[in-house]
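Atom set for the values below is all heavy atoms of this structure, side chains included, hydrogens, waters and symmetry mates excluded.
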Amino acid sequence: METLSSLLMLAATVVFVILLIRILAAPIKWIFKLAINGALGFVVLYIFNFIGAFVGLSVPITLPSALITGFFGIPGVLFLVLLQILF
């Protein structure tokens, strides 16, 4: 009888782990995508600041600005430049 309850407990644990992985897979994927986009936004802002130094434009590279650039791409950079000019 102990063997049966051990097998049932093992089966329940396996089902629980599979469900947990399926539930957490989507948020982990979004977090990973956000991190990749933020890193790409950092690179774009770095290149923009390098080129913009010749014209006199620069955008401070912070986590929010990198995420905005990573999420919105070129329109995000233009938005940050517009904010920098206005404020």
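- Note that CZ of F48 and CG of L78 are 8.0 Å apart. Values are rounded to the nearest 0.5 Å.
- Here the straight-line distance linking atom CD1 of I51 with atom CG of L57 works out to 11.5 Å at 0.5 Å rounding.
- Between the CD1 atom in I18 and the OG1 atom in T13 there is a gap of 11.0 Å [rounded to 0.5 Å].
- One hydrophobic cluster, built from ILVMFWY side chains closer than 4.5 Å, cannot hold both V14 and V17; they sit in different ones.
- Looking at L67 and F71, their side chains never come closer than 4.5 Å, going by heavy atoms from C-beta outward.
- Put simply, L40 and V81 are part of two different groups of oily side chains (I, L, V, M, F, W, Y) that touch within less than 4.5 Å, one to the next.
- Applying the side chain to side chain donor-acceptor pair (under 3.5 Å) test to pairs two or more places apart or on separate chains, those with a residue in residues 38-66 are T62-S65.
- Nearest heavy atom pair, residue F72 against residue P75, reads O-CD, 3.2 Å.
- Atom CG of L7 is separated from atom OG1 of T3 by 6.5 Å, given to the nearest 0.5 angstrom.
- Side-chain contact between V59 and T69: absent, with no pair of heavy atoms (C-beta onward) separated by less than 4.5 Å.
- With hydrophobic clusters built from ILVMFWY side chains whose heavy atoms lie under 4.5 angstrom apart, I61 does not share a cluster with V55.
- Atom CG of L82 and atom CZ of F87 lie 8.5 Å apart (nearest 0.5 Å).
- The other members of the hydrophobic cluster of L24, by chain and number, are F16, L20, I28 (side-chain heavy atoms under 4.5 Å, ILVMFWY only).
- Two different hydrophobic clusters hold L63 and V43 under the rule that ILVMFWY side chains link at heavy-atom gaps under 4.5 Å.
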